[in-house]
Amino acid sequence: MLLDYLKDLKRASIDFGNELEHLVYPAKDSLAPLEDLISKLDQTRAYRPVHAPDECLEHWNRYLIRKNSELDSRTIRYLCWAPDVATDLRFHNYLDQREYGLRPQSIQGLVRACHSRWSATFVVGPVIEKVRHRLRDYRGQNRVINRWKKSIDVVLGTNGAEQFSGKIVRGRRRIQETCDEWGIQSDTAYVAAAAKHTADSCREKISADETWIDYLIDEILSWGGWDVGEFKSEIAQTILLDLGNRDGKFRTKLVKFILSNPRDLLGDPRLPAHTTKWVGVKEQARTRVIQWLSGLDVHFFFEHVMRRGQDPHGRKDFWLKYVKAFKQSRPLLNREDLVRLRPQLNKMRDYSFTHGFVADQHSAFLLDFGRVLVIEFNKMGACYVYDRSEVENVVPDFWSTQPFGYYRIKQKRLVAHWIVHDAGGNWKYKLQQILASYGIRPS
């Protein structure tokens, strides 16, 4: 019987082994939950910012009046999170005189206060050195503070924001992601300064490696923490890069961002409704965007409104040479062309084509040079040139949402020059001379 049992046991072990061959689990998948848990153990967790109650601020003001008054521990904890108090040298002198030991939450409040008041003059002042000293003296186990302690020059150094920017740029990381990793609040002047350094670094790198274009626009300029004034400064610097005039991909992506950025801070600079949005942006940058949009208008009108292959006189190439002189431009579509081009307009929605409407026969194209207004028509072999003195009688409201009257924009009795597009191309020479008489020349 014992031999039989041993044989059965042997057979069972063989069967058990055969079954195990079908139950093999990859070690990586099995250990994934443990790996995730270990990674979380090393994550920095910052305290949430707290608001100092009015009574604590009153206690501080009473102390400033009566130097012999005392601040209780609760008041001190809150005052460490009040930027005006936590960056006041008198507060730190009080802590030193009492040899007051701060808890991790209070130390993080002091660092946040320093980041809130970050500036070139502040970082070389005595308060920063006081907070650095408290950070060095910390002996606890708080992961956030110990990480800051090891990288004290990044968190509280004179060029700390620039070093923190290096952490963002390395690996092309998101600003918020890097802040979360370091336990740093993103709504501070310190992070804003780091964001500026990051944008500068991207613009420098673009000249040698154009793959930085997407990162600059999609991650850095799209960051929601920009102050409106800082955002306008950064976008202007980006617009004025030499790359904008020679790289179509960069220009296209930047125009798309300007017209439809998440916070709707800019928009088409030609539209009266967006005039105030562009206040504070360098005029040179605004002018360049208008030139880019005018170039898009020229392509749209002579490639789509006129249909491909229906520009035998070369009007598109002629006007593209003048886009830098445009003040504004606008295609006007009649009903037939509007219906025909609806699919194309939907594709171009990102570029916010601000086309208008013409009530009658032909679609038209308004080219405003300031001193003169030129009107081209898609089905007519001549263009109309109006002097500024007559524009009010022809186009009283350039951006009107009402349909333009065909016979109003086509008035021979008011026209200064009527140029027929002849097959030989003499019209180009004539029109070029006329425009030159107004001080308008091709670029």
Side-chain angles (χ1 to χ4, degrees), residues 213 217 239 241-260 266-271 274 285-334 336-358 362-369 373-385 398-399 404 409 419 421 425 427-428 431-432 435 440-443:
I213 293 173
I217 297 176
I239 291 168
L241 287 173
D242 290 339
L243 187 66
N245 282 334
R246 69 174 189 268
D247 188 299
K249 175 189 173 185
F250 172 71
R251 185 167 58 249
T252 298
K253 189 171 185 67
L254 187 55
V255 166
K256 179 179 178 180
F257 175 74
I258 289 168
L259 296 179
S260 56
L266 296 172
D268 192 326
R270 301 170 300 179
L271 295 178
H274 296 162
R286 178 180 174 276
T287 300
R288 180 172 286 192
V289 173
I290 290 175
Q291 293 167 3
W292 291 346
L293 292 170
S294 296
L296 290 172
D297 281 347
V298 171
H299 281 285
F300 173 70
F301 187 82
F302 292 106
E303 291 182 4
H304 299 288
V305 179
M306 289 188 62
R307 302 180 187 240
R308 292 186 183 277
Q310 292 189 3
D311 182 22
H313 305 107
R315 284 187 275 176
K316 182 187 78 172
D317 292 339
F318 179 85
W319 289 120
L320 283 175
K321 296 176 183 178
Y322 282 90
V323 291
K324 289 188 176 181
F326 287 10
K327 300 299 181 185
Q328 53 190 350
S329 60
R330 193 182 191 193
L332 305 178
L333 306 180
N334 66 9
E336 176 188 346
D337 288 331
L338 180 63
V339 172
R340 175 175 61 85
L341 293 171
R342 180 61 63 190
Q344 185 66 31
L345 290 169
N346 290 336
K347 291 179 183 178
M348 295 177 166
R349 188 173 297 169
D350 288 334
Y351 298 110
S352 184
F353 273 95
T354 50
H355 62 272
F357 307 97
V358 62
H362 305 316
S363 292
F365 187 25
L366 308 181
L367 302 93
D368 187 359
F369 292 93
L373 173 69
V374 179
I375 303 182
E376 289 272 19
F377 296 90
N378 65 331
K379 298 178 182 178
M380 195 170 112
C383 70
Y384 287 62
V385 182
F398 195 92
W399 297 105
F404 287 72
I409 61 177
I419 307 298
H421 301 305
W427 71 271
K428 297 179 183 179
L431 189 51
Q432 187 172 326
L435 294 174
I440 302 166
R441 292 177 173 80
S443 57

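As the structure is a prediction and not an experimental result, all values here were calculated from the model.
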Taking every heavy atom of Arg270 against every heavy atom of Asp297, the minimum-distance pair comes out as NH1-OD2, 2.7 Å

Sorted by chain and residue number, the side-chain hydrogen bond (donor to acceptor under 3.5 Å, both in side chains) partners of His299 (sequence neighbours excluded) come out as Glu303

* Should we count NZ of Lys253 as having more than 12 external heavy atoms under 6.0 Å? -> yes

In short, Val323 meets Ser294 closest at the heavy-atom pair CG1-C, 4.2 Å

The side-chain contact (heavy atoms from CB on, under 4.5 Å) partners of Phe357 (sequence neighbours excluded) come to Leu338, His355, Pro403

Note: Arg288 and Leu241 closest approach over all heavy atoms is NH1-O, 3.0 Å

Distance flag, aromatic centroids of Phe318 and Trp427, threshold under 6.0 Å
yes

Are side-chain heavy atoms of Leu332 and Ile375 found at a separation under 4.5 Å?
-> no

Neighbour count above 12 (heavy atom, 6.0 Å) for Lys324 NZ:
no

Partner of Val374 under side chain to side chain contact (heavy atoms under 4.5 Å, CB included), picked from Tyr322, Phe326, Trp319, is Trp319

Less than 4.5 Å apart, any side-chain heavy atom of Trp292 and any of Ile239?
yes

Residue set satisfying salt bridge (charged side-chain N to carboxylate O under 4.0 Å, His left out) with Lys379, at least two apart, ordered chain then number -> Glu336

Nearest heavy-atom contact between Arg315 and Asp311 is N-OD1, 3.0 Å

Is there a side-chain contact between Ile409 and Tyr384 (heavy atoms, below 4.5 Å)? no

For Phe365 and Leu367 the tightest heavy-atom approach is O-CD1, 3.4 Å

With distance as the sole test, does His421 use its side chain to make a donor-acceptor pair with the main-chain N or O of His313 at under 3.5 Å? no

Looking only at heavy atoms, the pair that brings Phe302 and Lys316 closest together is CB-CB, 3.6 Å

